[in-house]
Each structure stands twice: as C-alpha cells, then as structure tokens.
> 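Just passing along the structure, written as structure tokens.
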2 protein chains.
Amino acid sequence: MVVEQPLVSISNLAEEFLITPRTIRYYEEMGLLTPVHHEKMSQRLYGARERARLKLILRGKRLGFSLSEIKEMINLYDIDRTEGLQLERAVAYGEKRLQELEEKIQEFTLLKAELLDYHQQFTELLKKCTEE
Amino acid sequence: MVVEQPLVSISNLAEEFLITPRTIRYYEEMGLLTPVHHEKMSQRLYGARERARLKLILRGKRLGFSLSEIKEMINLYDIDRTEGLQLERAVAYGEKRLQELEEKIQEFTLLKAELLDYHQQFTELLKKCTEE
DNA sequence: AAAGGGCTTGACGCTAACGTAAACTGGTGT
DNA sequence: ACACCAGTTTACGTTAGCGTCAAGCCCTTT
C-alpha cells in the first residue's frame, strides 16, 4: 500500500517558500531538484523529497554557499547516487565539508564578538551623552 | 611626534592578502577602502587601518555577506562617521546585525548536525561493507 | 635617451543566479 | 467554440564582483 503523497504544483511550492517558479525551475536546470513529471511531460509535481531538498538549498543560500557547493552537499544525502566504493569518497568529502563548516562557525563567532565589543563601547558612549 | 607608519603599495597589499590589485581598487570604488594618495594623486598607500578593514571585508566575503552588507557593518566601526544622534541608530543597527549573526550561527550548527548525522550513517555502512 | 617596472585610469568581458517577456500547450468553466 | 488560467520552453536582460586588456604616467637603471 503506497502512502498518498501530497504533490503540489510549482507555483504552490514557490508560494510556500516565498520564491518564484523561475527560481525553482532554475534549481532543476542546475540539477538540484528532480520533480515528478505528470504523465508524459505535462507538469512538474513536487513531493516531500523535493520540499526537503528545497529547504536545504535555501538554507545553504542564506549561509552564503554557491549552488554548485550546495549541490555537492545535498548529493551526500542521496544514498543511491553514492553506491559501492563511492562510499569512501563520500565519507571523506563529508569530513572535509564538516571541517569547513566548523571553521565558518568559528569565524562567525569571532565576527560576532568584535561587533559586540564595538556595540558595547557605543552603548556606553551613548549613555554618557544622554546623562551629560 | 607622529608614529612611523608602515605604508605599503597596492600590489604589496594584494600579495599579502592573496588577492589582486583590481579587487582592492574595486573595494575602494565601492567605498569600502580609503587609502592615502601620495602627494597630488600619484599612488595609493595602505596603512594599518586599511589592512584591518580589508581583513574584515575578506572575512565577510568568506561568510557570504555582500559588499554592501559588509560596508554597513564596517561603517559601524567608524566613530567619526557616526557622530551625534547617529549613535542611537548605529547601536540599534548593530543589535539587529548581532541577532542576524546569531541566527546564522544556529543555522550553521543545524546544518553541521545534519551532515554529521548522515556522515555517521555512511561510516557505519562503510564499516559493514568492508567487514562483510 | 631609451628601456623597463610599477602605478594609474578607463573600458569592455565574464560568470552566477535569477528576472522578465514571448509564444505555445492543455485543461476548465460558460 | 471561446476565453481564461496555469503551466511549459526559449531566450534575452540584469546585477555583483571581479578579470583582463589598453594606453598613459612616473621613476629608476643602463
């Protein structure tokens, strides 16, 4: 018994994620999404898998990754794409990415600390100004 | 008594940061850098301040910020640019940026956790394969 | 003086990530 | 039958962030 999938159209998906259909088609063109084509190429339909992928893509974008970087990262999730001895490569690549993520997080933390520092200086300065 | 400043040329600075002179000029064009012009517009010379700024710019880039976002952020450091009542605005803006940074860090951490999860699954799978 | 090295200012080229418009198709209500 | 709407492909336009010449200036070395 197959579970009933809530398949939605491209504009519905676009609306849901606050982007345009064009963007979604572009992601497909770049090989990031692979929607179901309803009976002999009529419409694209998107299910849970594509929604999950799109979510990852948009998060990647917010974090400043390029589409090709994101593509490589989400392909790590595709078990069927990484069969056999490809597994070792996937694992090794995953480790590299994880380390890069760690570095980025540290840089973010650093930047935040600096901004916070200046922020506090400013706040004090402001307090003195208003107190007089 | 003025401190002797170690002013360097554009290509020296470029070499130091592993970028090209063109990139540095572009940042100036965008209002991110303001080097000293040696005696009646002959050459650009870069001191400690520009080096610090460039460092921030490049870090911002690595973290996926646009040049205009970076510009706004480093302008928070410029005391002289934010005089008088502008201080309140600067402080408020700084708080917004700090919160955004916090969110980004959390997203990064989330992404890392997911990748790590899949990574461990893969590693186990790989172990079982090689053990047979 | 001539040649070279490093700097300068244009100006055009290029890629990524879409925006946007045109023209076509396919189902649906009236 | 006709209009309409939502989807499709194709293709050209646009912006950011530089790369890559071209042509000229200044200073030093030969």
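Residue numbers start from 1 in every chain, and the chains themselves are labelled A, B, ... in the order their sequence lines are given, proteins ahead of strands. These figures come from a predicted structure and were not determined experimentally.
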> Provide, to the nearest angstrom, the distance between the CD atom belonging to Glu29(B) and the P atom belonging to dT8(C).
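In whole Å, dT8(C) P and Glu29(B) CD are 13 Å from each other.
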> Any carboxylate oxygen within less than 4.0 angstrom of a Lys/Arg side-chain nitrogen, looking at Glu114(B) and Arg59(A)?
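Yes, charged N to carboxylate O under 4.0 Å.
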> I'd like to check the side-chain hydrogen bond (donor to acceptor under 3.5 Å, both in side chains) partners of Tyr27(A); sequence neighbours left out, ordered by chain and number.
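Once residues adjacent in sequence are excluded, Tyr27(A) has no partner under the side-chain hydrogen bond (donor to acceptor under 3.5 Å, both in side chains) criterion.
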> Using a heavy-atom cut-off of under 4.0 Å over every strand shown, decide if Arg25(A) touches base, sugar-phosphate, or nothing.
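The residue Arg25(A) makes base contact.
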> In whole Å, I'd like the distance from the CG atom of Leu32(B) to the C1' atom of dC18(D).
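Rounding to the nearest Å, CG of Leu32(B) and C1' of dC18(D) are 13 Å apart.
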> Figure out the CD/C1' separation between Gln43(B) and dT28(D), and round it to whole Å.
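Between C1' of dT28(D) and CD of Gln43(B): 13 Å.
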> Quick check on dC7(C): is either OP1 or OP2 less than 4.0 Å from any side-chain nitrogen or oxygen of Arg44(B)?
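No, no such contact exists.
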> At what distance, to the nearest 0.5 angstrom, does CD of Glu16(A) lie from CG of Leu54(A)?
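Rounded to the nearest 0.5 Å, the CD-CG separation comes to 8.5 Å.
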> Looking at residues at least two apart in the chain, or sitting in another chain, which of them share a side-chain hydrogen bond (donor to acceptor under 3.5 Å, both in side chains) with Gln106(B)?
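Checked Gln106(B) against side-chain hydrogen bond (donor to acceptor under 3.5 Å, both in side chains); zero matches.
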> In whole Å, I'd like the distance from the CE atom of Met30(A) to the C1' atom of dT15(C).
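From Met30(A) CE to dT15(C) C1': 11 Å.
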> Taking the side chain of Leu67(B) as heavy atoms from C-beta outward, which of dT9(D), dC7(C), dC18(D) is closest to it?
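Side chain of Leu67(B) sits closest to dC18(D).
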> Between Tyr26(A) (OH) and dT10(D) (C1'), how many Å, whole number?
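In whole Å, dT10(D) C1' and Tyr26(A) OH are 16 Å from each other.
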> Please determine, for the side chain of Tyr27(A), which listed nucleotide (dG7(D), dC18(C), dA16(D)) has the closest atom?
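In terms of side-chain proximity for Tyr27(A), the closest of dG7(D), dC18(C), dA16(D) is dC18(C).
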> Using a strict threshold of under 4.0 Å (side-chain N to carboxylate O), is an ion pair present between Arg44(A) and Glu50(A)?
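Not counted as a salt bridge, because no side-chain N and carboxylate O are separated by less than 4.0 Å.
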> Leu45(A) or Lys61(B): which one's nearest nucleotide on DNA chain D is closer to the 5' end?
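Its nucleotide being nearer the 5' end, the pick is Leu45(A).
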> Under a 3.5 Å cutoff, is there a donor and acceptor pairing between the side chains of Arg97(A) and Tyr93(A)?
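Yes, a side-chain donor-acceptor pair sits under 3.5 Å.
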> For DNA chain C, determine which residues of residues 8-24 of chain A have any heavy atom closer than 4.0 angstrom to one of its atoms, and list them numerically.
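Heavy-atom cutoff 4.0 Å gives Thr20(A), Arg22(A), Thr23(A).
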> Identify the residue among Glu100(A), Glu107(A), Glu103(A) that makes a salt bridge (Lys or Arg N to Asp or Glu O under 4.0 Å) with Arg62(B).
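Of the listed residues Glu100(A), Glu107(A), Glu103(A), the salt bridge (Lys or Arg N to Asp or Glu O under 4.0 Å) partner of Arg62(B) is Glu107(A).
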> What's the CG-P distance between Leu58(A) and dA17(C), to the nearest Å?
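The answer, rounded to whole Å, is 13 Å.
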